[in-house]
Amino acid sequence: MSKPIVAIVGRPNVGKSTLFNALAGENISIVKDTPGVTRDRIYADISWLNYNFTLIDTGGIEPDSGDVILSRMREQAQIAIETADVIIFLVDVRQGLVDADFQVADMLRRSQKPVVLAVNKVDNYDKFLADTYEFYNLGLGDPHPVSANSKLGFGDLLDEVVENCDPKALEEEEDERPKIAIIGKPNAGKSSIINKMLGEERVIVSDVAGTTRDAIDTVIQKNGKEYVFIDTAGLRRKNKIKEDLERYSVIRTVSAVERCDVAVLVIDATEGITEQDAKIAGIAHERGKGMIIAVNKWDLVEKDDKTIYKFTNKIREVLAYMSYAELIFISAKTGQRFPKIFDMLDAVIENHAMRVQTGVLNEILAEAVAMKQPPSDKGKRLKLYYMTQVSVKPPTFVVFINDRQLMHFSYTRYIENQIRNTFGFRGTPIHIIARERK
Ligand code: GDP
Ligand code: GDP
C-alpha cells in the first residue's frame, strides 16, 4: 500500500513551516546515492510509532496582506484536498479565529477528507489553553493545542494524524490495476501523451466515485487490460508566481508518485535533460518506483545516426543513479512508439512486482562470491551467508552477513548487478539490505 500523504494547511504566519520543520526534524533524509538531488523542504518522510507518512508543507511564498490572502488560501487548501489523505488545519491561538479560517474550514469539511485541527502557539498551557476552545466553532472536531516552537503537543497531534491514516479510515479501495504516474516539467507534454492515448484507445470513466482525486485519474484500456494513469499536469490555474507553481508541481509529483507503481518521466527533447528533470526523477527513485524515461517531442528533433546515442548518453550520465530506468523516444504529436510504451509498461510493472525464489538467489550469491572475493579490512573478511527476497514493489532483498562495516557500497552494487544479470529487473530499482547475523 502506498504511504499516506499528510498536508499542513493554514493562514500565513500561523506557523506551518515551523511545524513542518519541527515534525520533520531529523526525518528529512537526504538520500546519499542520488547525486545532485537535494531534498526540497516541501515534503518529508515521517515515522511515528509504527506508521510512516509523507508530510507536505503547502505554505511557501505567501502574501502578507489584502484580499489575496483568502484566494491564495483557497488555492492552497484545494491542492491539499487533491493530493493529501489527511489534512492538518493549523490555526493560531494568538490571533484567534478569523473569517478566513471559517472559509477554509468550510472547504475542508465539504471535501470529506479527514481533517485534524491543530491550534498553534500554545507555548504555555496555563495561559492559552482556554483560548483554544473557541476553535470548536470551526466544526472540525477537537482542537489539538500545539506549540511548533517549543515542540509541545506533538504526541497527541501525531496520534490523531496516524489514526486518520489508518487504511480502514482511508477506505483504500482494493484496486489491482497498475497505476502509472506521468511526471515531468510543465510543457514537457504530459497531458498531450495522455490525450493521445485517449484518442487511440478505449476510455473508461473511473467507476470509483467520490473523492476529488479520482477525477484526475484516467483509466485506459489496452489489449484487454486496464491502466490507471495519474496526470500531474492537471489544475491549470493561472498563478503567476513562479515559486508557487514550482511548489505545487513538487507536491503533485510527490502525491502522484506515492500512489503509482511506475513513473513515466517525460523529458522535452527540444530542451534536453535539465536539472529540474533530475529533481523530479529523484522523487521517484527515492520512493522505489518503477521508472520509464520518455523523451517526448522526438518529432521536433533534427536527427542523424548519432542523435539517439547522444541523447541516451547524456541522460544516462545525468541520471547515473537510475541506470535501471527504461528509456524510450516518443512523440505525443505523431504517436511514435506509443504501442511500445504499453509493452514497456507491462514489463516494468511485472519486474517491479517480481519475486525470486530463495534457492536460485543463493546459487547466484554463492557464484558471485566465488567469482569476486568479498572485501576485507584489518584481516577480517566479509562473509555473505544467505540471501532472501523479503518484499516486492520494489524488489527488496535481505543479505545476512558477518559485519556490516565490511559490506561496501561497491560490493553491494556488484551483488545487485549479478542479480540483474540473471533476472533483468529492467525498469525497477532493487533494494539490498545487509543484516548482521551473529
Ligand atoms: P507559516 O507562514 O504558517 O509557515 O508560519 P511560520 O512557520 O513562518 O511562522 C510564523 C511566525 O510564527 C514565525 O515568527 C514563527 O517563529 C512563529 N511561530 C511559529 N510557531 C510558533 C509557536 O509555537 N509559538 C510562537 N510563540 N510562535 C511561533
Ligand atoms: P504538460 O504541461 O507536460 O502537460 O505539456 P502539454 O501536454 O500541455 O504540452 C505542452 C506543449 O507541447 C503543447 O503545446 C503541446 O502541443 C506540445 N507538445 C507536446 N508533445 C509534443 C510532441 O510530441 N511533439 C510536438 N511537436 N509538440 C508537442
Side chain of Asn164, backbone of Pro114: donor and acceptor closer than 3.5 Å?
no
As a test of understanding, state which of Thr18, Asn13, Asp92 forms a side chain to side chain donor-acceptor pair (under 3.5 Å) with Lys121.
Asp92
Any donor-acceptor pair under 3.5 Å linking the side chain of Thr428 with the backbone of Phe425?
no
Closer than 3.5 angstrom, by distance alone: can the side chain of Lys190 be matched with the main-chain N or O of Gly184 as a donor-acceptor pair?
yes
For Pro178, check side-chain contact (heavy atoms from CB on, under 4.5 Å) against everything at least two apart and list the hits.
Tyr227, Asp261, Ile349
Give the intermediate values and the outcome of salt bridge (Lys or Arg N to Asp or Glu O under 4.0 Å) for residues Lys185 and Glu271.
CA-CA 11 Å; Lys185 283 186 310 194; Glu271 291 182 24; 2.6 Å; yes
Would you please name every residue forming a salt bridge (charged side-chain N to carboxylate O under 4.0 Å, His left out) with Arg420, sequence neighbours left out?
Glu416
Check side-chain contact (heavy atoms from CB on, under 4.5 Å) between Val348 and all other residues, then give those that pass, not counting sequence neighbours.
Val262, Ile292, Glu326
Within the supplied structure, the quantity of interest is the number of heavy atoms (other residues, nucleotides, ligands) at a distance under 6.0 Å from Arg435 CZ; does it exceed 12?
no
Partners of Tyr125 by side-chain contact (heavy atoms from CB on, under 4.5 Å), sequence neighbours excluded?
Val122, Leu129, Pro145
Any donor-acceptor pair under 3.5 Å from Asn120 side chain to Val14 backbone:
yes
If only atom types and distance count, is the side chain of Gln389 paired as donor or acceptor with the main-chain N or O of Leu361 below 3.5 Å?
no
Going through the checks in order, is the side chain to side chain donor-acceptor pair (under 3.5 Å) test met by Ser47 and Asn52?
CA-CA 4 Å; Ser47 300; Asn52 297 307; 2.7 Å; yes
Taking it one step at a time, do Asp123 and Ser147 satisfy side chain to side chain donor-acceptor pair (under 3.5 Å)?
CA-CA 5 Å; Asp123 305 339; Ser147 166; 2.7 Å; yes
Minimum heavy-atom separation for Val257 to Ala284, with atom names?
CG1-CA, 3.8 Å
Short side-chain to backbone donor-acceptor contact, Thr334 and Gln336, under 3.5 Å:
yes
Hey, does the side chain of Asn351 reach the backbone of Arg426 with a donor-acceptor pair shorter than 3.5 angstrom?
yes
Taking the basic N atoms (NZ, or NE/NH1/NH2) and the acidic carboxylate oxygens, is any pair closer than 4.0 Å for Arg287 and Asp45?
yes
Side chain of Thr396, backbone of Val392: donor and acceptor closer than 3.5 Å?
no
How long is the straight-line distance from CG of Asn421 back to CD of Gln418, given to the nearest 0.5 Å?
5.0 Å
Taking only residues two or more places apart in sequence, or in another chain, which ones meet Phe154 in a ring-ring contact (aromatic ring centres under 6.0 Å, His included)?
none
Give a yes/no verdict on a cation-pi contact between Lys222 and Phe342, requiring under 6.0 Å between NZ or CZ and the six-membered ring centre and an angle within 45° of the axis.
yes
Can you tell me if NZ on Lys314 sees more than 12 non-hydrogen neighbours from other groups inside 6.0 Å?
no
For residues 364-380, tabulate all N or O donor-acceptor pairs below 3.5 Å that involve a side-chain atom, not counting sequence neighbours.
from   : atom 1 : to     : atom 2 : distance (Å)
Lys380 : NZ     : Asp403 : OD2    : 3.1

Look at the aromatic rings of Phe329 and Trp298 and report parallel, tilted or perpendicular, splitting at 30° and 60°.
tilted
Where the side chain of His431 meets the backbone of Pro429, is there a donor-acceptor pair that is under 3.5 Å apart?
no
Would you name the heavy atoms of Gly288 and His352 that are closest together and state the gap between them?
O-NE2, 2.9 Å
Any side-chain donor-acceptor pair under 3.5 Å between His408 and Tyr414?
no
Closest non-hydrogen contact found for Gly335 with Pro339 is O-CD, 4.3 Å
Exercise: identify the closest heavy-atom pair between Val9 and Ala80
CG2-CB, 3.4 Å
Considering non-hydrogen atoms only, spot the tightest contact between Ala281 and Met322 and give its length.
O-CE, 3.4 Å
Taking all non-hydrogen atoms of both residues, which atom of Arg11 and which atom of Lys16 are closest, and how far apart?
O-NZ, 2.7 Å
So, does Asn402 use its side chain to make a donor-acceptor pair with the main chain of Leu382 at under 3.5 Å?
no
Between Thr274 and Asp277, does the side chain to side chain donor-acceptor pair (under 3.5 Å) criterion hold? Intermediate values first, please.
CA-CA 5 Å; Thr274 64; Asp277 293 324; 3.1 Å; yes
d(Ile220 CD1, Arg177 CZ) to nearest 0.5 Å is 12.0 Å
If you measure from CG on Leu108 to CZ on Phe89, what distance do you get to the nearest 0.5 Å?
6.0 Å
Just checking Glu350: does its CD atom have more than 12 heavy atoms from other residues, nucleotides or ligands closer to it than 6.0 angstrom?
no
Tyr411 and Leu384, any side-chain heavy atoms less than 4.5 Å apart
yes
Please test Lys303 against Ile308 for side-chain contact (heavy atoms from CB on, under 4.5 Å), starting from the C-alpha separation and ending with a verdict.
CA-CA 8 Å; Lys303 306 171 201 67; Ile308 277 217; 5.9 Å; no
